[in-house]
2 protein chains.
Amino acid sequence: MSKRLPRLDSESALAKGVAQEIEFGDVDGVRLTEDVAQALRGTVIIHDQVIHGYPGIGRMLSLRHGLSEQFKGPVWLEEKVDGYNVRVFRSDDRILAVSRGGFICPFTTDRLADLFDTAIFDDHPDLVVCGEVAGPGNPYVESIPKFIGDDIAFFGFDLMRQGQRRFLPRDEFYRLADVYGLPTVRRFGRHPVDALETIGEILRTLNEEGREGLVFKEDTREQQRAKYVTSNANLSDIRGTVLEILDLPSEYFTNRIVRLVTFLHEQGLAADPGLERKLGSAFLDRLREAIGQFESDGKVYRPYRCRFYRKDNAEAFFAHLKSVGGARLHLRWRSLSRQDNYWVLEYEREYAGLTGLMNSLYGGDVIFD
Amino acid sequence: MSKRLPRLDSESALAKGVAQEIEFGDVDGVRLTEDVAQALRGTVIIHDQVIHGYPGIGRMLSLRHGLSEQFKGPVWLEEKVDGYNVRVFRSDDRILAVSRGGFICPFTTDRLADLFDTAIFDDHPDLVVCGEVAGPGNPYVESIPKFIGDDIAFFGFDLMRQGQRRFLPRDEFYRLADVYGLPTVRRFGRHPVDALETIGEILRTLNEEGREGLVFKEDTREQQRAKYVTSNANLSDIRGTVLEILDLPSEYFTNRIVRLVTFLHEQGLAADPGLERKLGSAFLDRLREAIGQFESDGKVYRPYRCRFYRKDNAEAFFAHLKSVGGARLHLRWRSLSRQDNYWVLEYEREYAGLTGLMNSLYGGDVIFD
């Protein structure tokens with residue numbers, strides 16, 4: 001018999017050095033900074049509420065070999081959307097959104113009214129809605145799905161209950177989402193793991209549509225999950241993050257090139273001059289623009305523009321970004337102004353690696369490598 | 001006044017832990033494993049002979065800014081050839097070739113008769129001929145200049161004298177090379193550092209011809225040098241080493257992408273779909289072939305084929321490669337057989353990163369990233 005684990009609470013987690021205090025307005029709590037026996041990193045504790053962390057999902061390198069190895073029986077297929085992961089829940093009379101790491105996100109929390117109808121919490125106050133926020137108006141992720149308009153959108157993919165690590169079964173999640181009009185990722189039903197032709201067809205279509213890939217979910221006790229991304233997702237990641245080419249670990253780029261090749265191979269997609277060109281231009285286009293930007297502005301940067309309902313949330317968001325991303329992100333505040341129904345926050349992120357390289361280049365430096 | 005440094009000798013270098021013993025047949029000596037006050041890493045000491053190390057040459061990121069910053073006056077322009085660096089010299093009645101790191105190279109030493117006429121050492125026994133060995137028959141470098149036939153060729157670029165760190169002046173090197181028929185890299189004369197149009201024209205032509213770039217050399221007391229490579233060189237490096245994409249530091253690839261962009265920008269070369277495609281195919285072509293190779297042979301590898309005059313040199317070369325590259329190179333001996341006038345050594349190098357990835361893929365593994 002396994003020994004029952006002691007109950008997880010903020011004070012003992014802080015005392016053990018596995019948690020950090022978080023706050024947002026008059027809400028305060030802690031987030032777990034590492035996995036512990038009772039809960040995952042990113043778990044949030046606010047008074048007696050525990051919002052468990054969202055587990056990492058392993059990436060399959062091969063569909064054919066991965067599905068049969070990772071799953072026992074049929075799997076549910078859902079579209080994987082390229083955005084950032086949030087968990088949304090009620091705490092007293094507020095609805096809060098927390099990030100993967102367990103920070104209360106001032107941006108997402110502010111904009112919940114634009115993401116989904118939170119009436120679901122009126123009937124089910126203990127639910128935790130898990131999903132992806134994506135789109136060009138998001139402040140976190142640089143590769144932007146083409147099918148989202150000019151702002152942000154929410155794509156639900158799981159429900160949990162407060163205090164519980166497990167997800168609700170798929171059919172229960174789908175049912176509740178439909179009843180409450182919760183937007184979800186695209187669902188492709190349940191398929192046996194050897195339905196490779198059907199699954200491959202879905203993936204190739206997603207790839208042609210510029211979508212990221214699939215998440216596979218099993219309704220077993222282990223709730224096993226795995227993901228598989230399209231070649232397009234790899235191209236889109238490279239294009240979206242190439243200005244960070246001297247800031248991110250370089251493996252970010254080389255791993256995506258290798259995954260692109262394994263996807264093409266497994267999906268039987270032939271060598272294609274168009275794809276070669278897309279890979280080349282994913283690297284070259286924005287780097288060339290960046291040189292022009294440096295020549296006119298003396299730095300390589302990206303301007304951000306995010307909308308908020310409340311001015312204090314915009315300010316809290318920028319402070320949050322500075323405190324979390326601080327040294328790495330090189331942020332510069334531009335403005336916060338009222339436009340239509342929103343407060344529009346504008347700021348810049350400078351790419352230190354490319355800016356530094358261009359400064360060396362203009363200084364006539366040599367490098368020894 | 002600077003204090004005279006103690007004379008460099010094998011025993012004291014070994015005692016200080018800055019040297020390692022080397023041997024080749026009945027020749028033995030030491031190589032410096034790090035820079036010391038008297039000499040650079042790669043310096044070779046055989047009894048009382050000191051063959052100084054070949055200094056690293058800094059890479060300019062910008063021609064316009066680099067030339068004026070790095071040089072005081074006019075610079076000699078020479079083609080940079082993509083091969084491996086050797087220093088060739090006489091020791092007693094033998095002529096030996098040492099690598100950049102200071103190992104006596106059994107391959108280069110064996111094949112000297114095919115590289116250049118060593119009569120130069122009859123009149124000038126204390127000369128050290130410095131140059132590049134390149135071509136598809138070379139066992140070290142995977143990116144192969146197109147203008148070399150199916151074996152190897154030598155391209156001299158400097159002369160030193162034994163015991164001296166300095167190079168002979170350019171005109172003296174050119175004169176001796178011409179007198180003794182020593183093949184050299186292409187020479188483009190001496191130009192002021194502001195002759196950017198002329199130098200740019202030479203570089204663009206080299207780029208179109210698929211050549212690597214230029215080395216700039218000043219005939220001053222400091223003998224300042226710097227190099228600048230074409231966009232083609234970056235493409236060729238990527239294509240040549242892409243099977244090592246999971247073995248080399250990933251910066252190898254990302255740095256070359258950035259350099260390619262800065263070259264295009266500085267040389268005023270427009271965005272070009274052909275170039276985008278070349279960059280894409282430099283990554284994709286051989287990775288796709290590698291998957292096919294894994295499926296038929298269970299590993300990703302490259303077969304090597306090198307010719308030797310002497311059987312014992314072939315054996316010594318393979319032993320040298322195993323002892324120096326050992327764990328990293330994953331070598332497998334295939335055969336050593338007599339063909340025409342040569343002993344032909346065939347061996348394989350396995351690419352551990354890609355082989356490992358393909359094994360994981362076929363094992364149905366997931367990765368968390």
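Lettering of chains follows the sequences in order, A, B, ..., and the numbering in each one begins at 1.
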Practice item. Using a cut-off of under 4.5 Å on heavy-atom pairs, state which of Arg64(B), Gln70(B), Arg288(B) scores highest against chain A. Key: Arg288(B)
Practice item. Please determine if Arg349(B) forms a cation-pi arrangement with Tyr351(B), meaning its NZ or CZ atom is less than 6.0 Å from the six-membered ring centre and no more than 45° off the ring axis. Key: no
Exercise for review: May I ask you to check whether Tyr54(A) and Phe157(A) place their ring centres under 6.0 Å from each other?
Suggested key: yes
Review point. With only heavy atoms counted, which part of Ile57(A) is less than 4.5 Å from chain B, the side chain, the backbone, both or neither?
Key: backbone
Check your understanding: Of all of Leu279(B), Leu361(B), Leu284(B), which one pairs up most often with chain A through heavy atoms under 4.5 Å apart?
Key -> Leu361(B)
Review point. Does a donor on one side chain sit under 3.5 Å from an acceptor on the other, for Tyr228(A) and Glu266(A)?
Key: yes
Practice item. Hey, can you tell me if Tyr140(A) and Tyr84(A) have their rings parallel, tilted or perpendicular (30° and 60° cut-offs)? Key: perpendicular
Exercise for review: Give the ring-plane orientation class for His65(B) versus Tyr362(A), where under 30° counts as parallel, over 60° as perpendicular and anything between as tilted.
Suggested key: tilted
Point to revise | Most chain A-contacting option - heavy-atom pairs closer than 4.5 Å, from Leu287(B), Ile291(B), Leu260(B), Leu67(B) | key: Ile291(B)
Check your understanding: So which part of Arg225(B) gets closer than 4.5 Å to some heavy atom of chain A, the side chain, the backbone, both or neither?
Key -> neither
Review point. Going by an N to O cut-off under 4.0 Å, is there a salt bridge joining Asp247(A) and Arg328(A)?
Key: no
Exercise for review: Answer yes or no for Arg259(A) and Phe263(A): cation-pi contact, defined as NZ/CZ to six-membered ring centre under 6.0 Å and angle to ring axis within 45°.
Suggested key: no
Practice item. Please tell me if the side chains of Ile199(B) and Phe216(B) come closer than 4.5 Å, counting only heavy atoms from C-beta onward. Key: yes
Study note, to complete from the structure: Whatever's closer than 4.5 Å to a heavy atom in chain A on Ser68(B) counts as neither
Study note, to complete from the structure: If one checks every heavy atom of Leu246(B) against chain A at 4.5 Å, the contacting part turns out to be side chain
Revision key, fill the gap. Answer key: most heavy-atom pairs under 4.5 Å with chain B among Leu63(A), Val258(A), Leu357(A), Val261(A) is Val261(A)
Exercise for review: Mind ranking Asp285(B), Leu264(B), Val242(B) by heavy-atom pairs under 4.5 Å with chain A and telling me who comes out on top?
Suggested key: Leu264(B)
Exercise for review: Among Ser62(B), Ser250(B), Gly280(B), single out the residue with the greatest number of heavy-atom pairs under 4.5 Å to chain A.
Suggested key: Ser250(B)
Check your understanding: Which one, Leu275(B), Asn255(B), Thr262(B), leads in non-hydrogen pairs under 4.5 Å with chain A?
Key -> Thr262(B)
